[in-house]
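Below is one structure, written out as structure tokens; the observations come after it.
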Amino acid sequence: QVQLVESGGGLVQAGGSLRLSCAASGRAFSSYCMGWFRQAPGKEREFVAALNWSGGSTDYADFVKGRFTVSRDNAKNTGYLQMNSLKPEDTAVYYCAASGLFQTEVQYYRYWGQGTQVTVSS
């Protein structure tokens with residue numbers, strides 16, 4: 001079992017920045033790939049970014065490339081999502097998740113956090 005807890009969400013103006021954290025406990029977090037997803041009201045959960053176990057490989061959704069950066073500190077059992085140049089359309093609940101595979105699809109992620117709300121005002 002891996003338990004994940006997100007933090008760092010909040011209200012920010014368009015063009016601003018936030019850094020989300022994902023604190024992990026339980027089985028060795030460093031052996032899992034980490035993903036970030038988001039879900040806006042009335043929409044399906046969508047992929048944002050993924051990072052392999054070592055942090056050496058990353059993948060991003062096209063709509064966040066150049067603005068968001070995913071990283072992890074395995075010594076602290078924590079993952080991060082740095083979000084810059086935020087737009088109102090980035091408003092959503094953001095989730096971190098853990099998977100044994102480096103994937104971008106929801107169904108491959110077994111462990112999920114509870115989510116943190118990000119609201120970007122125009």
Side-chain angles (χ1 to χ4, degrees):
Q1 286 280 357
V2 175
Q3 292 79 42
L4 303 172
V5 178
E6 303 95 335
S7 61
L11 174 64
V12 63
Q13 289 187 333
S17 298
L18 284 174
R19 188 175 82 155
L20 305 183
S21 297
C22 176
S25 60
R27 294 187 62 184
F29 175 65
S30 61
S31 65
Y32 288 90
C33 298
M34 183 183 71
W36 287 92
F37 296 79
R38 71 185 188 185
Q39 189 167 17
K43 295 187 176 181
E44 293 187 351
R45 193 167 298 189
E46 62 181 355
F47 169 73
V48 174
L51 185 68
N52 75 334
W53 68 272
S54 68
S57 295
T58 58
D59 197 0
Y60 295 92
D62 286 344
F63 53 78
V64 303
K65 284 182 179 177
R67 300 190 299 126
F68 291 12
T69 303
V70 63
S71 62
R72 67 193 297 166
D73 185 340
N74 287 335
K76 295 182 178 180
N77 280 350
T78 303
Y80 305 97
L81 183 68
Q82 177 67 43
M83 305 186 296
N84 299 328
S85 302
L86 283 161
K87 305 174 182 180
E89 51 264 44
D90 293 319
T91 295
V93 177
Y94 283 72
Y95 299 89
C96 69
S99 171
L101 302 173
F102 183 50
Q103 290 285 348
T104 64
E105 298 181 22
V106 170
Q107 61 263 35
Y108 290 103
Y109 286 80
R110 181 176 182 181
Y111 302 107
W112 291 84
Q114 83 290 349
T116 185
Q117 176 70 47
V118 171
T119 303
V120 185
S121 63
S122 57

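Annotation: the span from S122 atom OG to Q13 atom CD amounts to 9.5 Å, rounded to 0.5 Å. To the nearest 0.5 Å, atom CZ of residue F63 and atom CZ of residue F68 are 8.0 Å apart. In this structure, M34 CE and T58 OG1 are separated by 10.5 Å, a value rounded to the nearest 0.5 Å. Atom CZ of F47 sits about 12.5 Å away from atom CH2 of W36, to the nearest 0.5 Å. Between atom OH of residue Y94 and atom SG of residue C22 there is a gap of 15.0 Å, rounded to the nearest 0.5 Å.
Taking the six-membered ring where the residue is Trp, F37 and W112 present tilted rings, their angle falling between 30° and 60°.
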Should L20 and M83 be marked as a side-chain contact (heavy atoms from CB on, under 4.5 Å) after you check the CA-CA gap, both sets of side-chain angles, and the distance that decides it? CA-CA 8 Å; L20 305 183; M83 305 186 296; 3.8 Å; yes
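Between the side chain of R72 and the main chain of G55, no donor-acceptor pair closer than 3.5 Å is present. Checked by atom type and distance alone, the side chain of S30 never pairs as donor or acceptor with a backbone atom of N74 at under 3.5 Å. With E6 contributing its side chain and Q114 its backbone, the two residues share a donor-acceptor pair below 3.5 Å. With T116 contributing its side chain and S7 its backbone, the two residues share no donor-acceptor pair below 3.5 Å. Between the side chain of N77 and the main chain of F29, no donor-acceptor pair closer than 3.5 Å is present.
Residues Y32 and Y111 meet the side-chain proximity criterion, which asks for heavy atoms closer than 4.5 Å.
Applying the salt bridge (charged side-chain N to carboxylate O under 4.0 Å, His left out) test to residues at least two apart or on different chains, the pairs with a partner in residues 29-41 are R38-E46, R38-D90.
Of all non-hydrogen atoms in Q117 and A92, the two that sit nearest each other are NE2-O, 3.4 Å. Between T78 and S21, the shortest heavy-atom distance links the atoms CG2-CB, 4.3 Å. The minimum heavy-atom distance between A49 and L81, with the atom names listed, is CB-CD1, 4.2 Å. Nearest heavy-atom pair across K43 and Q39 is O-NE2, 3.1 Å. Summarising the geometry of F102 relative to N52, their closest heavy-atom pair is CE1-N, 3.7 Å, with the distance given to 0.1 Å. A pairwise comparison of heavy atoms in L18 and G8 identifies CD2-O, 3.8 Å as the closest pair.
W53 and V2 fall into different hydrophobic clusters, where Ile, Leu, Val, Met, Phe, Trp and Tyr are joined by side-chain heavy atoms under 4.5 Å apart, directly or via other members.
The aromatic ring centres of Y95 and Y109 sit 6.0 Å or more apart.
In this structure, a donor-acceptor pair under 3.5 Å is present between the side chains of E105 and Q107.
Looking at D73, T69, V70 one by one, the single match for side chain to side chain contact (heavy atoms under 4.5 Å, CB included) with Y80 turns out to be D73.
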